[in-house]
Every structure is written in C-alpha cells, then in structure tokens.
Number of protein chains: 2
Amino acid sequence: MDSDKFDINWYIDKLNSSLKKKQAIVIFCECSMIYSGRAEASLEQGERILILKPDRCLLVHQPYGNNSVIYMKPGSEVKVIDMKDYILLKSSNMILHELVEIKITKIIEIMTSHLNDAAKVCLFGTEKDMSDYIYDHPELISKDFKPVSREEQTKYGYIDVFGYDKTGSLVVIECKRTKAGPSAPQQLRRYIERLAKSKGININNIKGILAAPSITQNARHMLKSLGYKFKKIEPPAYMKRKKNPKVN
Amino acid sequence: MDSDKFDINWYIDKLNSSLKKKQAIVIFCECSMIYSGRAEASLEQGERILILKPDRCLLVHQPYGNNSVIYMKPGSEVKVIDMKDYILLKSSNMILHELVEIKITKIIEIMTSHLNDAAKVCLFGTEKDMSDYIYDHPELISKDFKPVSREEQTKYGYIDVFGYDKTGSLVVIECKRTKAGPSAPQQLRRYIERLAKSKGININNIKGILAAPSITQNARHMLKSLGYKFKKIEPPAYMKRKKNPKVN
DNA sequence: GGGGAGAGATGCCGC
DNA sequence: GCGGCATTTCTCCCC
C-alpha cells in the first residue's frame, strides 16, 4: 500500500485505468530507463516528463531541450508492473522489435484526460510552395524562362520546376528553401541525367538552375563544375500567400 | 474571476508563478494557435498537451503522434496575457525571428513542478560505433584490408574508415547503419575526390567500399558505375558491445 | 511496402 | 559562427 517512497498501488491503478480508457497520460517522475531496438540506449536516474498518448506512443522528455530523448512509436504495447519498490513501465513493439523499460522510483504528479482533437496543422512556406511561386513568377529566374506543365514531372522523378528558355533549351530548376549544401547540385545533376535519358536529349543541352536563398561555397564550386547556375530566391516564408489545410 | 469557461485569473497566476520559479509546466487544454518564423503554420481548435520547460522551450503535442506539431526552441520569451475570454500564450524569439501565439479557450488540467535531471542519454549503435567496429575488425571488409590510424581522417573531412589493401592501394570505406540510398555512393565519391586531391593520388587508384546492412537498387547501380563496391555489414545494434556515456 | 526526398528538420562536431 | 553530416531521424508521396 504505502512504500517509503510513494503509494505504488494507487498510481498503478490510476495508470491502468487511464490506459484502459485511452486517455492521454503525463507523469512527472523520478526514473531511469533503457531502450533496445534500432540502437541501444540508457538514461540514468533523474526527474522528467513521461507522456503516454491514446495511440500508445511513449515520450520521455528531460526538463530541457526540444526533443524527447527516449520514445516509442504509436501502436506499442504498454504494461505497468508492480515491482514493490518501484513501478516498471514497459513499452514494446513486436513488429519493430523495439522495447523501452522505465523504472519509476518516484511519482511527483500525474495528470490524465481524454483529449478531443481532430485538427491538422496547416503549413505554408515549404519547398513545394517555393516551386509553385517560381512557376507562377518565372521572371524570378529570367525574363525568357517559360515554365511548362508540371504534370510531366513525376514521370522522371520529382523535379521542382522545368521549362524552356528563348533558345528552346530545356531548363531544370531545383529549389531549396534554405541554404543549399553539396547534395543540391548532385540532386540537380541526377534529375537532369534522368530527364536527358528519358527524352533522348544530349545532357549538355539541358540547363540546370539551383534556386535557393543562399549556397555554401563547396556547393557553388560543384554547381559550377557541373555547368549549372545559382539563382538567389528568397525563402517562401516571406512570400506572403495562403495555403489550404491538407485534408487527410 | 469566474468566466463561463474557466477561472482565467487563477490559471494566469499559476502560470506566471511557475514560469518565475523556472518550473516545468504541462497543460491539458483546448486551444488554437499560429506559428510565424521560418515558415507559417496554424492549428485550429482542439484539445492538446502544452509543455513549457525551464529552458523556455515550448512544445505542443496533439493526442496522437510522436512529434510536437508546433514548437519554439529553448531561450524563447514567454508571456501570459489575460484576454478575459481566453488566455493568450505568446512565445517569441527575437534572435530567430520566430513567434507562436496560442489562444487557450479552456484549461482541463495543469501540472507544474521543479524537475532535477542532470543525466544524459547514453546511446550505442550509431554509425560511429559501426565504423569503430570495422576498424577493430578489418576482416569484415576483406582478409587483406589494413586500416590505418584514424587521426588523419579529419584532415580531409570525415571519412568513416580508410586504409590499404595488400597491393598498397588506398581503400576508403563509407558506413551506413541503415539501408544505403542514392546519396551514399555520391558521398563516398566526394570523400575520395577530396582525398585524391589532397594526397595527389590519381582518383582511379583509390578503392571505395560502401558498408551497410543493405542497399537500394538505384544506389547499387550508382556505386557500380562509379567503380566502387558494396559490402554487407550488419547494423551496429546487433554488435553487442558497451559504450561509455558521453560526458558533456 | 520500398524508394526517394523534404523538414519550421534537429543536433553534433570541427574549423 | 558556418559547414558538413548523422538521426532509434520522421513524414509524405509515389510507384
């Protein structure tokens, strides 16, 4: 009933009852834990925040930092085990072969509730928004750039924007919403290779443009050695436009 | 004092007091919010979990899913504003030019506490562990592979393992702890280019090996066309070894 | 389900 | 600070 540290039985009943009711559970507690799955991890004793959601995902947050340090994905199985001196919280996922075991040595406070939330985040300012913007404002690339229908794109893999210049040369544009690193020129190169092959065009007759707010020095060199050009385009967050929520 | 919905004043006092005491705060509440910064985002009304940590980061969790949908990084400034009908929670970061505004229309429950936690996660099974393992067990690559001191590596950028075969040819190994995709062969290529240049060696005299548990078909083709080889190495999680906690 | 690429990626380390 | 890269990355989209 009552241990030196805390009333284990009451908390175990509370946890099991809330799990059964598919409530969200948040616990402030002293605990230590191990993770085993895609990697192995351990965390020594300390006071932190445990979150169990109705979808059976598990999050462990330390009192600082943006990210959970230990976690299990939705669909895991949760068990609460009475170890007399402490509570053992086991979360296991047979399909993913993952396991977390948390030794809870003291519960500071616990909060449980059913939460109703059907809303989805609506985001604007993605790379897709940026390429849409370029498609609608081709003069950002150059006076004579004429984008063509984007429908064809998926046939040759995902290409942000492509079209023709006044000489009739094919132009492929790769967008990056943040500073472009060394992978960007190589990605552009791969798209152009694929396009050249599938259209039966000489690869040297396709022009490549990397559009981004900035570019690292290394990436600039690579781009140049591949014969492509950089075009500075402001990140889409500053292109004030609306985007509809994703329905899903 | 008492609105139709909830006792705003009591909650505002509680929040301000806890913020002042640098406690961790978790709130179950009905809310809607917007984010503005590197992108723009909004989330319509719903019941969710708000977390405010002592380091002044902010997390918003919906009752499903592993990740926070709206967040602010540590060091942001938090303000609690009484709007009579609702509480406005503002988190702003001047340096990053980011802002979150949360309209809290109902508080279901709130939990605050000081949390003591100095522990750090100890992780094993990273790519670094994998390359260490290969360095210590070069026979995994081939009978005649001789790894050399890893001290030199940083001089030419980060190369997982490199050494010589019995003919004296330089061998560069790139490790991936999960299935290798198309970026892996290109990364290997970049390392070898850099190494060839800095050592004044003909690039064709350097052998490249991609070590990973598996590889996609595309990546295999790219690797072959670059003249490099794939070596199947099990992911490091299954190499049962110990790793010391990182001190930091 | 695999493959490929974006993300408000984040975080780490090295220069 | 930038740069390059790993991450138990996660997530989405498409084949």
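Proteins come first, then strands; the chains are lettered A, B, ... in the order of their sequence lines, and each starts at number 1.
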Would you state whether a donor and an acceptor, one from the side chain of Gln217(A) and one from the base of dG3(D), lie under 3.5 Å apart?
no

Determine the Euclidean distance between corresponding [atom1] atoms of [M] and [N]; express it in Å to zero decimal places.
N	M	atom1	result
dT8(D)	dA5(C)	P	22 Å
dT7(D)	dG6(C)	C1'	15 Å
dA7(C)	dA6(D)	C1'	15 Å

Protein-nucleotide distance ([X], atom [atom1]; [N], atom [atom2]), rounded to Å:
X	N	atom1	atom2	value
Arg194(B)	dG3(D)	CZ	C1'	10 Å
Leu96(B)	dG8(C)	CG	C1'	11 Å
Met222(B)	dA5(C)	CE	C1'	13 Å
Gln186(A)	dG4(C)	CD	P	15 Å
Ile34(B)	dG8(C)	CD1	P	16 Å
Lys120(B)	dG11(C)	NZ	P	11 Å
Asp129(B)	dT8(D)	CG	P	11 Å
Phe124(A)	dG6(C)	CZ	P	18 Å

Does a nitrogen or oxygen in the side chain of [X] sit under 4.0 Å from OP1 or OP2 of [N]?
X	N	value
Arg38(A)	dC10(D)	yes
Lys128(B)	dA6(D)	no
Tyr191(B)	dC5(D)	yes
Asn218(A)	dG3(D)	no
Thr216(A)	dG4(D)	yes
Gln187(B)	dG4(D)	no

Quick one about Gln186(A) and Arg189(B) (side-chain donor to acceptor, distance below 3.5 Å, no hydrogens or angles considered), yes or no?
no

Which pairs pass salt bridge (charged side-chain N to carboxylate O under 4.0 Å, His left out) with one or both residues in residues 87-103 of chain B, sequence neighbours excluded?
Arg38(B)-Glu98(B), Lys90(B)-Glu101(B)

I want to confirm an ordering. Mapping Glu98(B) and Arg190(A) to their closest nucleotides on DNA chain C, which one lands closer to the 5' end?
Arg190(A)

Under 3.5 Å: donor-acceptor pair, side chain of [X], backbone of [Y]:
X	Y	value
Asp160(B)	Cys175(B)	yes
Arg56(B)	Leu19(B)	yes
Thr105(A)	Glu30(A)	yes
Arg48(A)	Cys31(A)	yes

Select one nucleotide: of [options], the one nearest the side-chain heavy atoms of [X].
X	options	result
Tyr35(B)	dA6(D), dG8(C), dT9(D)	dG8(C)
Pro182(B)	dG4(C), dG4(D), dG6(C)	dG4(C)
Glu174(A)	dT7(D), dG4(D), dG6(C)	dG6(C)
Lys179(B)	dA7(C), dG6(C), dG3(C)	dG3(C)
Thr178(B)	dT9(D), dA6(D), dG4(C)	dT9(D)

Quick check for you: to the nearest 0.5 Å, what is the distance between Asn66(B) atom CG and Leu58(A) atom CG?
9.0 Å

Residues passing the side-chain hydrogen bond (donor to acceptor under 3.5 Å, both in side chains) test with Ser131(B), sequence neighbours excluded, are Arg150(B)

So which of residues 51-78 of chain A are in contact with DNA chain D, with a heavy-atom cut-off of under 4.0 Å?
Val69(A), Ile70(A), Tyr71(A), Lys73(A)

Would you say Tyr35(B) and Leu99(B) make side-chain contact, with heavy atoms under 4.5 Å?
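No. Closest side-chain heavy atoms not under 4.5 Å.
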
With sequence neighbours left out, write down each residue that passes side chain to side chain contact (heavy atoms under 4.5 Å, CB included) with Lys53(B), or none if nothing qualifies.
His61(A), Ile51(B), Asp55(B), Cys57(B), Leu59(B)

Scan the side chains in residues 210-223 of chain B for donor-acceptor partners under 3.5 Å anywhere in the protein, sequence neighbours excluded, and list what turns up.
residue   : atom : partner   : partner atom : Å
Thr216(B) : OG1  : Ala219(B) : N            : 3.3

Output the pairing pattern of DNA chain C as a dot-bracket string, 5' first, Watson-Crick or G-U wobble with both distances under 3.5 Å, | for cross-strand pairs, [ ] for crossing pairs.
|||||||.|||||||

